[in-house]
Student: 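Please find one structure pasted underneath; my questions will follow.
All residue numbers refer to positions in the sequence shown, counting from 1.
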Amino acid sequence: MKKILVVDDEEDVLEVLRLVLAKNGYEVLTATSGMDGLTRAQSELPNLIVLDIMMHQMDGWEVLKLFKLDERTSGIPVVILSARVEPKDKIRGLQEGAIDYVTKPFAVRDILTKIAAILDQSPAAAAGVEGSE
């Protein structure tokens with residue numbers, strides 16, 4: 001079973017994604033802060049991370065940089081999920097190492113399709129992370 005970590009400080013977003021992803025056969029981990037997301041990613045080694053940008057204390061940009069600097073998490077695909085809709089934000093996300101950028105509000109079907117495609121195409125996700133299968 002593929003493991004997805006959702007990092008977002010909005011409880012309603014976490015709950016919707018947790019329910020939808022679990023219903024579609026994924027193991028779902030959640031984190032409500034950037035620091036919690038880093039810790040969970042390092043300990044759980046998910047197959048994919050869904051990351052919000054606008055969070056308190058440590059924003060998603062900083063979290064993304066730290067994911068990419070850590071050899072344990074650098075190969076995990078990251079999808080940014082953000083209310084920031086400016087093209088410059090999407091470009092920055094992709095330049096910083098995210099594999100996709102989804103804007104809020106999001107269509108459940110769209111995010112499920114993107115996640116499935118990423119997990120099917122990503123060598124790191126396809127190979128599975130040690131202990132996750």
Side-chain angles (χ1 to χ4, degrees):
M1 178 181 294
K2 298 292 184 185
K3 194 184 308 185
I4 299 174
L5 171 62
V6 181
V7 184
D8 199 313
D9 60 355
E10 294 180 49
E11 292 288 341
D12 56 338
V13 172
L14 283 179
E15 186 62 15
V16 166
L17 286 173
R18 188 186 64 74
L19 290 170
V20 168
L21 292 170
K23 183 179 177 182
N24 282 274
Y26 299 107
E27 180 182 346
V28 184
L29 310 167
T30 59
T32 57
S33 71
M35 187 55 73
D36 187 27
L38 285 169
T39 303
R40 299 256 5 225
Q42 291 164 344
S43 65
E44 300 283 343
L45 298 175
N47 299 92
L48 183 133
I49 299 167
V50 177
L51 176 65
D52 184 28
I53 292 298
M54 296 186 300
M55 294 184 289
H56 303 291
Q57 297 165 349
M58 182 186 297
D59 69 19
W61 298 123
E62 183 66 21
V63 176
L64 180 59
K65 285 179 188 173
L66 293 171
F67 281 149
K68 295 305 173 186
L69 288 172
D70 186 326
E71 68 180 40
R72 295 170 291 180
T73 57
S74 64
I76 300 171
V78 176
V79 174
I80 292 175
L81 180 63
S82 179
R84 299 179 74 142
V85 298
E86 294 291 322
K88 67 180 182 174
D89 293 312
K90 182 173 185 174
I91 291 167
R92 179 179 177 188
L94 298 174
Q95 287 175 335
E96 297 279 348
I99 197 161
D100 206 340
Y101 191 105
V102 178
T103 57
K104 295 178 185 175
F106 58 90
V108 170
R109 182 176 301 201
D110 290 345
I111 200 159
L112 284 172
T113 301
K114 287 176 183 270
I115 287 171
I118 291 164
L119 290 173
D120 286 346
Q121 293 175 1
S122 168
V129 179
E130 184 176 306
S132 69
E133 303 286 33

Student: Do any N or O atoms from the side chain of Asp89 and from the backbone of Val85 form a donor-acceptor pair under 3.5 angstrom?
Tutor: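 No, the answer is negative, given that no donor and acceptor are paired below the 3.5 Å cut-off.
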
Student: If we check side-chain contact (heavy atoms from CB on, under 4.5 Å) with Val6, which of these qualifies: Val79, Val28, Val16?
Tutor: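 Result: among Val79, Val28, Val16, Val28 is the only option passing the side-chain contact (heavy atoms from CB on, under 4.5 Å) with Val6.
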
Student: Who pairs with Thr39 by side chain to side chain contact (heavy atoms under 4.5 Å, CB included), at least two apart in sequence or on another chain?
Tutor: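 None.
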
Student: Is a side-chain N or O of Lys104 found less than 3.5 angstrom from the main chain of Ser82, in a donor-acceptor match?
Tutor: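 Looks like no, no N/O pair under 3.5 Å.
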
Student: For Lys23, what residues pass the side-chain hydrogen bond (donor to acceptor under 3.5 Å, both in side chains) criterion, not counting sequence neighbours?
Tutor: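 With sequence neighbours excluded, Lys23 shows a side-chain hydrogen bond (donor to acceptor under 3.5 Å, both in side chains) to no residue whatsoever.
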
Student: Under the 3.5 angstrom rule, does the side chain of Arg72 hit a backbone N or O of Leu45 as a donor-acceptor pair?
Tutor: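 Checked: no pair found.
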
Student: Under the salt bridge (Lys or Arg N to Asp or Glu O under 4.0 Å) test, which residues partner Asp9, sequence neighbours left out?
Tutor: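 Checked Asp9 against salt bridge (Lys or Arg N to Asp or Glu O under 4.0 Å); zero matches.
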
Student: Under the salt bridge (Lys or Arg N to Asp or Glu O under 4.0 Å) rule, collect the residues that match up with Asp59, sequence neighbours excluded.
Tutor: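 Listed in chain order: nothing, the list is empty.
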
Student: Which residues satisfy the side chain to side chain contact (heavy atoms under 4.5 Å, CB included) test with Glu96, sequence neighbours excluded?
Tutor: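 In terms of side chain to side chain contact (heavy atoms under 4.5 Å, CB included), with neighbours along the sequence ignored, Glu96 is linked to Trp61, Leu64, Lys65, Arg92.
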
Student: Check whether more than 12 heavy atoms from other residues, nucleotides or ligands sit under 6.0 Å from atom NZ of Lys90, and answer yes or no.
Tutor: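 No - once you tally the heavy atoms of other residues, nucleotides and ligands closer than 6.0 Å, there are 12 at most.
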
Student: I'd like to check the side chain to side chain contact (heavy atoms under 4.5 Å, CB included) partners of Gln57; sequence neighbours left out, ordered by chain and number.
Tutor: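 If we apply the side chain to side chain contact (heavy atoms under 4.5 Å, CB included) test to Gln57, skipping adjacent residues, there are no hits.
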
Student: Check for me, please, whether Val108 and Val50 land in the same ILVMFWY cluster - side-chain distances under 4.5 Å, paths through other members count.
Tutor: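 In one cluster with Val108: Val50, yes.
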
Student: Give a yes or no answer on whether the side chain of Lys114 reaches the backbone of Asp100 with a donor-acceptor pair at less than 3.5 Å.
Tutor: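 No.
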
